[in-house]
K.L.:
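Sharing a structure, written as structure tokens. Questions coming.
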Amino acid sequence: MEKLKILLTAEADASELGPLYENFDLETCGWFENQTVIPEDELIARLQGKDIYVTSYDVVSKRVIDETNLKLIICTRGNPVNVDVAAAKEKGIPVVYTPNRNTDATAEFAVGLLLSIARKIPFAYQAIMNGLCITDDAQRPGPLKKDVTWGKVKQVHPYTDFKGAQLKNKTVGIVGYGNIGRKVAKILSGFGMYILVFDPYVPRIDIDAPGFRKVDFDTLVRESDFITCHTKITDSTRGIFNAETFSKMKPTAYFINNSRGAICDEWALVDALREHKIAGAALDVFEYEPLYAGHPFISGELDNIVVTPHISGAAEEIITNHTLMFVDEILHFAKGEPLIFTAK
């Protein structure tokens, strides 16, 4: 029996591709080889005679689908945003993707952002690295000391200047209670935090438990000491954090977002931080990416924000996770078994 022919351009863990090399005719190129996206004409040419295509970033347009004879398309992302799913569906081609491949990593990063802004960790780090709270001695100036809290060094008093907020017994509001939101809630409940959840698509019975409570958005905004966002962009969530929202938050509250930049009116947040209407923010996603040099978030005028360059899902294990997922799906397909992660 002739082997199914696969073109793989996706990011992948090569050590997990053994079953594909053993059971299929596998060709690799594109991003897998050199981190380049293949132009449409070249992609169509490379897909001639192929049965299965596995991609991360190449655009699988209607033309690509119409001018090839694929039997299965796989996109190794949380959503197959670069695949024309409707065109594939018209031709009866299943589209598989890899949801939840980065759930743990993204949830862990959200907690890292929360801790960073709550305990002012990046600011303390910068004070040391910029020489603002260290001595100018090239070598240790005296005998070793034990159990000492740093006093004032130059113009900085670390113990008071970087005093942050303890998480235990605080309330965190989680906007969006999908897989990532649930994971964040589980981690933060371990810190002894109370959990408020806003998600109109999740029933109360799935949330309410000791320390957990489903609430409306206004209640969450008013009562939370921390708000962390894990929601998709819809008409109802776009710009949901705006000037009115920030005005309702506690002045001691923190805003954390590593979901999508479009849920936040960025300039309303800038104003809230400038005027100290809220205590601070930690962001991994933005209205326009990458950030530009003149943006207030990085111009140096704000002392209450932590920013990172959209790396919440950038854990090495994610590549292994989605490789295991798509390899299993290809094996299911070849055996005529049901596919698990098909796009609707």
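As a basis for the values below, the full set of heavy atoms in this structure was taken, side chains included, without hydrogen atoms, waters or symmetry mates.
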K.L.:
For the pair Ile263 and Ile233, evaluate side-chain contact (heavy atoms from CB on, under 4.5 Å) and give the outcome as yes or no after the intermediate values.
P.N.:
CA-CA 7 Å; Ile263 70 167; Ile233 294 301; 3.3 Å; yes
K.L.:
NZ of Lys232: more than 12 outside heavy atoms within 6.0 angstrom?
P.N.:
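Counting other residues, nucleotides and ligands, NZ of Lys232 stays at 12 neighbours or fewer.
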K.L.:
Is it true that Val95 and Tyr57 fall in one hydrophobic cluster, defined by side-chain heavy atoms closer than 4.5 Å?
P.N.:
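Shared cluster, no.
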K.L.:
Once rounded to the nearest 0.5 Å, what's the spacing between atom CG of Leu47 and atom CD1 of Ile52?
P.N.:
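Between atom CG of Leu47 and atom CD1 of Ile52 there are 12.0 Å.
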K.L.:
Looking only at heavy atoms, what is the nearest atom pair of Leu167 and Met193, with distance?
P.N.:
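Smallest heavy-atom distance, with atoms named: O-CG, 3.3 Å.
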K.L.:
Donor-acceptor pair, distance only, cut-off 3.5 Å: does the side chain of Lys50 make one with the backbone of Leu70?
P.N.:
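No, Lys50 side chain to Leu70 backbone: no donor-acceptor pair under 3.5 Å.
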K.L.:
Between CG of Leu220 and CZ of Arg222, what distance do you get to the nearest 0.5 Å?
P.N.:
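Output value for this atom pair is 12.0 Å.
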K.L.:
Checking side-chain contact (heavy atoms from CB on, under 4.5 Å) for the pair Val59/Val64: CA distance, chi angles, key distance, verdict?
P.N.:
CA-CA 8 Å; Val59 177; Val64 170; over 6 Å; no
K.L.:
Can you see whether Gln126 engages Asn130 through a side-chain donor-acceptor pair at a distance of less than 3.5 angstrom?
P.N.:
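On atom types as modelled, these side chains qualify, holding a pair under 3.5 Å.
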K.L.:
I'd like to know whether Phe226 forms a side-chain contact (heavy atoms from CB on, under 4.5 Å) with Ile174, so could you lay out the CA-CA distance, the side-chain angles of the two residues, the decisive distance to 0.1 Å, and finally the verdict.
P.N.:
CA-CA 9 Å; Phe226 298 87; Ile174 297 179; over 6 Å; no
K.L.:
Any ion pair linking Lys214 and Asp208 (charged N to carboxylate O, less than 4.0 Å)?
P.N.:
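Result for this pair is no, no salt bridge flagged.
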K.L.:
What is the minimum heavy-atom distance between Cys75 and Ser56, and which atoms define it?
P.N.:
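Minimum heavy-atom contact is SG-O, 4.1 Å.
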K.L.:
Kindly say whether His157 contributes a backbone atom to a donor-acceptor pair with the side chain of Thr160 at under 3.5 angstrom?
P.N.:
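Flag set: sc Thr160 to bb His157 pair under 3.5 Å.
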K.L.:
Would you find a donor on one side and an acceptor on the other, under 3.5 Å apart, between the side chain of Ser224 and the backbone of Gly173?
P.N.:
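The answer is yes, because a donor-acceptor pair under 3.5 Å joins these two groups.
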K.L.:
For a quick test of reading the model, state the closest non-hydrogen atom pair linking Arg260 to Asn257 and the distance between them.
P.N.:
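Closest heavy-atom pair between Arg260 and Asn257: O-ND2, 3.1 Å.
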K.L.:
Are Leu26 and Met325 connected in the hydrophobic side-chain network, where two residues link if heavy atoms are under 4.5 Å apart?
P.N.:
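Same hydrophobic cluster.
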K.L.:
To the nearest 0.5 Å, what is the distance between CG (Leu4) and CZ (Phe333)?
P.N.:
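If I round to the nearest 0.5 Å, the distance is 6.5 Å.
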K.L.:
Between Tyr292 and Ile298, which heavy-atom pair has the shortest distance, and what is it?
P.N.:
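For Tyr292 and Ile298, the tightest heavy-atom pair comes out as O-CD1, 3.2 Å.
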K.L.:
Please round to the nearest 0.5 Å and tell me the distance separating atom OG1 of Thr228 and atom CD1 of Ile195.
P.N.:
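These two atoms lie 10.0 Å from each other.
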K.L.:
Determine whether more than 12 heavy atoms belonging to other residues, nucleotides or ligands lie under 6.0 Å from atom NZ of Lys89.
P.N.:
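No, the 6.0 Å shell around NZ holds no more than 12 heavy atoms from other groups.
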K.L.:
Applying the side chain to side chain contact (heavy atoms under 4.5 Å, CB included) test to Thr76, which of Asn321, Val54, Ile318 qualifies?
P.N.:
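Exactly one pass, corresponding to Val54.
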K.L.:
For the residue pair Thr103 and Asn179, confirm or rule out a side-chain donor-acceptor distance under 3.5 Å.
P.N.:
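Thr103 vs Asn179: no donor-acceptor pair found between side chains.
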K.L.:
Are there over 12 heavy-atom neighbours, none belonging to Lys62, within less than 6.0 Å of that residue's NZ?
P.N.:
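Open: at most 12 neighbouring heavy atoms sit under 6.0 Å from NZ of Lys62.
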K.L.:
Has Thr55 got a side-chain atom pairing as donor or acceptor with Asp58's backbone, closer than 3.5 angstrom?
P.N.:
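Between the backbone of Asp58 and the side chain of Thr55 there is a qualifying donor-acceptor contact (under 3.5 Å).
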K.L.:
Within a 6.0 Å radius of atom CZ on Phe212, are there more than 12 heavy atoms belonging to other residues, nucleotides or ligands?
P.N.:
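Yes - once you tally the heavy atoms of other residues, nucleotides and ligands closer than 6.0 Å, there are more than 12.
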K.L.:
Please check if the side chain of Glu329 supplies one atom and the backbone of Phe341 the other of a donor-acceptor pair under 3.5 Å.
P.N.:
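Yes, Glu329 side chain to Phe341 backbone: donor-acceptor pair under 3.5 Å.
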K.L.:
Nearest 0.5 angstrom please: Leu113 CG to Thr308 OG1, how far?
P.N.:
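One finds 5.0 Å between CG of Leu113 and OG1 of Thr308.
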K.L.:
Between Asn304 and Gly280, is there a donor-acceptor pair closer than 3.5 Å when you use the side chain of the first and the backbone of the second?
P.N.:
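Side chain of Asn304 to backbone of Gly280: no pair is present.
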K.L.:
Tell me, yes or no, whether the heavy-atom count around Arg63 atom CZ, taken from other residues, nucleotides or ligands under 6.0 Å, exceeds 12.
P.N.:
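Yes, because the 6.0 Å sphere around CZ of Arg63 holds more than 12 heavy atoms from other groups.
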K.L.:
Give a yes or no on whether Tyr125 atom OH has more than 12 heavy-atom contacts from other residues, nucleotides or ligands under 6.0 Å away.
P.N.:
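For Tyr125, atom OH is not crowded (no more than 12 foreign heavy atoms under 6.0 Å).
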K.L.:
Please say yes or no: joined through hydrophobic side-chain contacts below 4.5 Å, possibly via intermediate residues, are Tyr97 and Val327 part of one cluster?
P.N.:
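Not linked; separate clusters.
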K.L.:
Quiz question: by atom type and distance under 3.5 Å, do the side chains of Thr9 and Tyr53 form a donor-acceptor pair?
P.N.:
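Checked: Thr9/Tyr53 side chains pair up, N/O donor to acceptor below 3.5 Å.
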K.L.:
Tell me whether Glu289 at atom CD has more than 12 heavy atoms from other residues, nucleotides or ligands lying less than 6.0 Å away.
P.N.:
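Check passes, neighbour count above 12.
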K.L.:
Check the pair Asn258, Ile180 against side-chain contact (heavy atoms from CB on, under 4.5 Å), reporting the backbone distance first and the verdict last.
P.N.:
CA-CA 10 Å; Asn258 69 333; Ile180 295 172; 5.6 Å; no
K.L.:
If only side-chain N and O atoms count, and only distance matters, is there a donor-acceptor pair under 3.5 Å linking Asp13 with Thr323?
P.N.:
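Thr323 vs Asp13: no donor-acceptor pair found between side chains.
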K.L.:
I'd like to know if Asp161 and Lys120 make a salt bridge, using a cut-off of under 4.0 Å between side-chain N and carboxylate O.
P.N.:
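Salt bridge flag = no for Lys120 with Asp161.
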K.L.:
Donor-acceptor pairs are to be reported for all side-chain atoms of residues 31-39 against protein atoms at under 3.5 Å, with residues two or more places apart or in another chain.
P.N.:
{"residue": "Glu33", "atom": "OE2", "partner": "Thr28", "partner atom": "OG1", "Å": "2.4"}
{"residue": "Asn34", "atom": "OD1", "partner": "Thr36", "partner atom": "N", "Å": "3.3"}
{"residue": "Asn34", "atom": "OD1", "partner": "Thr36", "partner atom": "OG1", "Å": "2.5"}

K.L.:
Supply the atom-to-atom distance Phe162 CZ to Cys133 SG, rounded to the nearest 0.5 angstrom.
P.N.:
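Rounded to the nearest 0.5 Å, the CZ-SG separation comes out at 5.5 Å.
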K.L.:
With clusters defined by side-chain heavy atoms of hydrophobic residues (ILVMFWY) lying less than 4.5 Å apart, directly or transitively, does Ile256 cluster with Val111?
P.N.:
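Val111 and Ile256: one cluster.
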K.L.:
Near Asp66 CG, under 6.0 Å, is it more than 12 heavy atoms from other residues, nucleotides or ligands?
P.N.:
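For Asp66, atom CG is crowded (more than 12 foreign heavy atoms under 6.0 Å).
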K.L.:
Has the side chain of Thr245 got a donor or acceptor atom that lies under 3.5 Å from a matching backbone atom of Ile240?
P.N.:
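Such a contact is found between Thr245 side chain and Ile240 backbone.
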K.L.:
Would Tyr177 and Asp206 count as having a side-chain donor-acceptor pair, cut-off 3.5 Å?
P.N.:
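Absent: no donor and acceptor within the cut-off.
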K.L.:
Are any non-hydrogen side-chain atoms of Asp25 and Glu2 less than 4.5 angstrom apart?
P.N.:
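A side-chain contact is absent here, since even the closest heavy-atom pair is not under 4.5 Å.
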K.L.:
Could you tell me which non-hydrogen atom of Trp267 sits nearest to which non-hydrogen atom of Glu287, and how far apart they are?
P.N.:
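Smallest heavy-atom distance, with atoms named: NE1-OE1, 3.6 Å.
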K.L.:
For Asn242 and Glu244, indicate whether the former's side chain and the latter's backbone hold a donor-acceptor pair under 3.5 Å.
P.N.:
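Yes; judged by distance alone, with no hydrogens or angles, the pair exists.
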K.L.:
Would you mind reporting whether Gln48 and Thr68 have side-chain heavy atoms less than 4.5 Å apart?
P.N.:
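Yes, at least one pair of side-chain atoms sits under 4.5 Å.
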K.L.:
Where the side chain of Gln155 meets the backbone of Leu132, is there a donor-acceptor pair that is under 3.5 Å apart?
P.N.:
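Not confirmed, Gln155 side chain does not pair with Leu132 backbone.
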K.L.:
For the residue pair Leu43 and Leu7, what are the closest heavy atoms and their distance?
P.N.:
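Closest pair (atom of Leu43, atom of Leu7, distance): CD1-CD2, 4.4 Å.
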K.L.:
Under 3.5 Å, side chain of Asp284 to main-chain N/O of Ile311, donor-acceptor pair present?
P.N.:
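Yes; at least one donor-acceptor contact below 3.5 Å.
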